[in-house]
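Notes follow once the structure below has been shown.
All heavy atoms count here, side chains included; hydrogens, waters and symmetry mates do not. Just so it is clear: chains get the letters A, B, ... in the order the sequence lines come, proteins before strands, and each one is counted from 1.
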2 protein chains.
Amino acid sequence: MLQNPNLPSSKTSCFSCSLREFCLPAELEEDEINAINFLINRSCKTRRGGYLYRAGMDFQSLYIVRSGFFKTYVLDEDGREQVTGFHMPGEMLGLEAISTNVHTCHTVALEDSETCEIHFARLEEIGRIIPSLMHHFHKIMSGKIVHNHEIIALLGGMKARERLIALLLNLSDRFAKLGHSSSNFNLCMTRKEIGSYLGLKLETVSRAFSKLQKDGLIKINSKSVQLNNISWLKQRSGRYCQVIEGAEFL
Amino acid sequence: MLQNPNLPSSKTSCFSCSLREFCLPAELEEDEINAINFLINRSCKTRRGGYLYRAGMDFQSLYIVRSGFFKTYVLDEDGREQVTGFHMPGEMLGLEAISTNVHTCHTVALEDSETCEIHFARLEEIGRIIPSLMHHFHKIMSGKIVHNHEIIALLGGMKARERLIALLLNLSDRFAKLGHSSSNFNLCMTRKEIGSYLGLKLETVSRAFSKLQKDGLIKINSKSVQLNNISWLKQRSGRYCQVIEGAEFL
DNA sequence: CGTACGTTTGACTCTGTTCAATTGCCGTGG
DNA sequence: CCACGGCAATTGAACAGAGTCAAACGTACG
């Protein structure tokens with residue numbers, strides 16, 4: 001489901017990578033890209049259920065998802081897992097670890113996945129030579145913060161049904177950006193993982209899905225979802241299902 | 001309450017600033033600090049209730065709180081405010097705006113405050129010359145992400161009482177780092193703002209405070225709080241008030 | 001083929017919300 | 001100086017949404 005026909009092969013240079021727009025600024029010269037190529041280890045494969053890194057491990061590298069799907073989570077004091085994100089191709093992983101030089105979350109592949117490994121110290125070095133690369137990296141980090149704010153707003157203010165719609169629309173957008181269908185896709189996480197991410201119990205997630213289906217807004221069959229009318233969902237995602245003038249959210 | 005006796009005056013150099021450890025890496029030469037001084041505008045004063053910047057404004061500069069207290073918030077589609085953070089001296093503001101070059105949240109002073117303004121483009125330039133400065137900046141951004149994860153975990157998994165305790169302990173730690181009392185301090189935000197931040201209604205916040213006081217864990221009188229036994233609170237912050245072996249959280 | 005896991009659904013409980021009334025505090029103006 | 005209005009905080013009672021517990025079903029995998 002997540003296999004992009006243009007999937008970059010392990011031998012491909014960043015220059016011809018289909019995800020290049022996510023990782024690199026637009027205006028690079030070819031020799032600059034060659035320099036960047038040099039710092040990337042493209043050979044990182046993680047099988048479904050495998051860990052890319054674990055909380056507590058020393059931090060050395062950032063990762064960019066090339067194919068597949070990851071979740072990140074932290075364990076709270078009771079040892080229960082709190083999902084902090086789902087990650088699709090083009091997204092960067094490991095940024096939280098820069099502050100302490102130790103990874104603070106676990107990152108596990110929800111399907112067979114590939115990543116590019118970027119040695120962080122070398123990224124900082126090359127960033128000095130290629131300012132636009134450094135700036136692009138700052139934008140990526142900042143974007144993470146913005147995204148986190150959106151999740152905080154979601155957890156702070158939305159009801160179960162709205163949270164679910166927000167998640168579905170968010171995934172829809174991200175699939176669309178990768179060239180997949182925005183209205184039909186597979187959820188490769190469990191109800192429990194969705195619930196953990198959205199601050200809900202798995203039963204609540206299940207019930208909310210059923211309700212949305214009964215209302216004709218989505219069609220869902222275990223992992224596969226179909227969004228029946230995305231723009232309508234966007235309008236109706238608002239609290240209490242009032243019609244709200246087209247503000248996109250999350 | 002927040003006035004630090006060592007408050008940096010508007011004329012002070014970063015070199016002798018009491019907040020230096022928050023903003024700058026440890027191992028700088030004096031001439032490097034002079035270069036950094038050059039990029040900082042120290043004259044930013046914001047009166048209580050005034051805005052440092054607003055969502056939608058063009059992004060040019062980051063800010064570091066020098067004295068006072070800020071809150072940041074976003075407005076959701078209904079125009080209701082969702083508080084995304086409270087900010088004390090030494091903390092950096094504006095990082096969310098790097099990704100789009102536009103501020104995405106409103107930042108308002110909850111008491112008379114001073115900030116250092118840092119022109120971001122110039123920070124990137126000087127960062128190329130002083131790598132440890134650039135690296136320190138990366139750590140600060142990364143730290144924001146970690147902190148956001150903690151809030152997400154709080155909103156996703158904790159009950160009202162635990163959220164409140166977590167907030168109090170978090171403020172306590174931050175006051176302590178600034179050289180203030182960790183057990184007695186003033187909340188300069190309203191119950192409503194606390195509620196918005198913690199994903200609760202103001203009545204729930206008020207009730208939870210009352211309950212904590214009745215249980216002898218805190219003493220609270222409108223804005224002023226006293227934590228009776230911090231380490232005990234830390235242990236008892238856990239879910240359902242079970243005793244949990246000393247894991248710090250948030 | 002059987003076990004384990006994920007999902008769905010129902011009935012009941014409980015936490016937090018909503019609505020409303022009351023108190024306390026502070027600044028303004030008579 | 002006190003009276004008044006406005007805002008924040010507290011508290012109560014009724015209600016709703018999500019959590020908990022439990023049962024039953026489907027599906028994936030060894």
Side-chain angles (χ1 to χ4, degrees), chain A residues 1 47-49 71 76 78 80-83 108 110-112 154-167 186-215 218-225 238-242, chain B residues 48-49 71 78 80-83 110-111 154-168 186-215 218-225 238-242:
Chain A
M1 196 64 193
R47 298 206 72 75
R48 178 192 168 131
K71 77 168 178 190
D76 64 23
D78 309 348
R80 285 188 327 186
E81 98 176 34
Q82 165 74 42
V83 174
V108 61
L110 295 184
E111 48 184 54
D112 292 356
L154 177 150
L155 293 172
M158 290 187 178
K159 299 223 192 297
R161 176 197 178 89
E162 315 168 62
R163 294 186 195 191
L164 222 19
I165 294 177
L167 175 65
N186 265 8
L187 302 168
C188 49
M189 61 292 253
T190 66
R191 302 288 188 265
K192 192 172 178 190
E193 287 162 338
I194 294 173
S196 172
Y197 184 59
L198 297 179
L200 302 168
K201 295 294 156 182
L202 70 95
E203 294 94 331
T204 307
V205 173
S206 179
R207 271 185 256 270
F209 272 141
S210 301
K211 184 80 180 0
L212 286 172
Q213 179 162 244
K214 199 153 66 85
D215 295 351
I218 66 172
K219 201 149 109 45
I220 183 154
N221 190 320
S222 101
K223 299 283 184 200
S224 90
V225 208
R239 341 182 155 275
Y240 319 116
C241 230
Q242 297 161 348
Chain B
R48 178 191 167 132
K71 78 167 176 189
D78 310 348
R80 286 187 329 186
E81 96 177 35
Q82 164 76 44
V83 174
L110 296 183
E111 49 184 52
L154 176 150
L155 292 171
M158 290 188 177
K159 298 220 193 298
R161 177 198 179 88
E162 314 167 64
R163 294 186 194 192
L164 223 19
I165 294 177
L167 175 66
L168 291 174
N186 265 8
L187 302 169
C188 48
M189 62 293 254
T190 66
R191 301 287 187 266
K192 192 172 178 192
E193 287 163 337
I194 294 173
S196 171
Y197 184 59
L198 297 179
L200 302 168
K201 296 293 157 184
L202 68 94
E203 294 95 330
T204 307
V205 173
S206 180
R207 271 185 255 270
F209 272 141
S210 300
K211 183 81 181 358
L212 286 171
Q213 178 162 245
K214 199 153 67 85
D215 295 350
I218 67 172
K219 202 149 107 50
I220 184 154
N221 191 321
S222 97
K223 300 284 184 199
S224 90
V225 208
R239 346 185 150 271
Y240 320 114
C241 228
Q242 296 161 347

Q. Out of C:dT9, C:dT18, C:dG16, which nucleotide sits closest to the side chain of A:S210?
A. C:dT9
Q | Between CG on residue A:L202 and CZ on residue A:R191, distance to nearest 0.5 Å | A | 9.5 Å
Q) In whole angstrom, what separates B:R161's CZ from C:dC14's P? A) 17 Å
Q) What is the minimum heavy-atom distance between B:E193 and B:E81, and which atoms define it? A) CG-OE2, 4.3 Å
Q: Tell whether B:R207 reaches the base of D:dG12 with its side chain through a donor-acceptor pair below 3.5 angstrom.
A: yes
Q: Could you tell me whether B:K219 atom NZ has more than 12 heavy atoms of other residues or ligands within 6.0 Å of it?
A: no
**Q.** Integer-rounded Å distance: C:dT9 P and A:F209 CZ
**A.** 13 Å
Q. From the list D:dT11, D:dA8, C:dT18, which nucleotide is the closest neighbour of the side chain of B:S206?
A. D:dT11
(Q) In whole Å, I'd like the distance from the CZ atom of A:R163 to the C1' atom of D:dA18. (A) 10 Å
Q. Roughly, in whole Å, what's the span from CD in A:E203 to C1' in C:dT13?
A. 14 Å
(Q) Could you check whether any side-chain N or O of A:R161 sits under 3.5 Å from a backbone N or O of A:L212, counting only pairs where one atom can act as donor and the other as acceptor? (A) no
Q: Rounded off to whole Å, could you give me the CE-to-P distance for the A:M158 and D:dA18 pair?
A: 13 Å
Q.
Using a 4.0 Å heavy-atom cut-off, does B:K223 contact any base of the nucleic acid, only the sugar-phosphate backbone, or nothing at all?
A. sugar-phosphate
Q) At under 4.0 Å, does any side-chain N or O of A:K159 touch on OP1 or OP2 of D:dA18? A) no
Q) Ignoring hydrogens and angles, are the base of D:dT11 and the side chain of B:R191 linked by a donor-acceptor pair under 3.5 Å? A) no
Q: I would like to know whether A:D76 and A:Q82 meet side-chain contact (heavy atoms from CB on, under 4.5 Å); could you show each step before the answer?
A: CA-CA 7 Å; A:D76 64 23; A:Q82 165 74 42; 5.6 Å; no
**Q.** 5'-most by nearest nucleotide on DNA chain D - A:A160 or A:N221
**A.** A:A160
Q | Integer-rounded Å distance: D:dG19 C1' and B:E162 CD | A | 14 Å
Q: Would you mind telling me which of D:dA22, D:dA8, C:dT17 lies closest to the side-chain atoms of B:T204?
A: C:dT17
Q: Just compare C:dG16, D:dT10, C:dT7 and give me whichever is closest to any side-chain atom of A:L202.
A: C:dT7
Q. Which is true for A:G199 with a 4.0 Å heavy-atom rule: it touches a base, it touches only sugar-phosphate, or it touches nothing?
A. sugar-phosphate
Q | Gap between atoms NZ and P, on A:K192 and C:dT8 respectively (whole Å) | A | 16 Å
Q.
Between P on D:dG19 and CZ on A:R80, what's the gap in Å once rounded to a whole number?
A. 11 Å
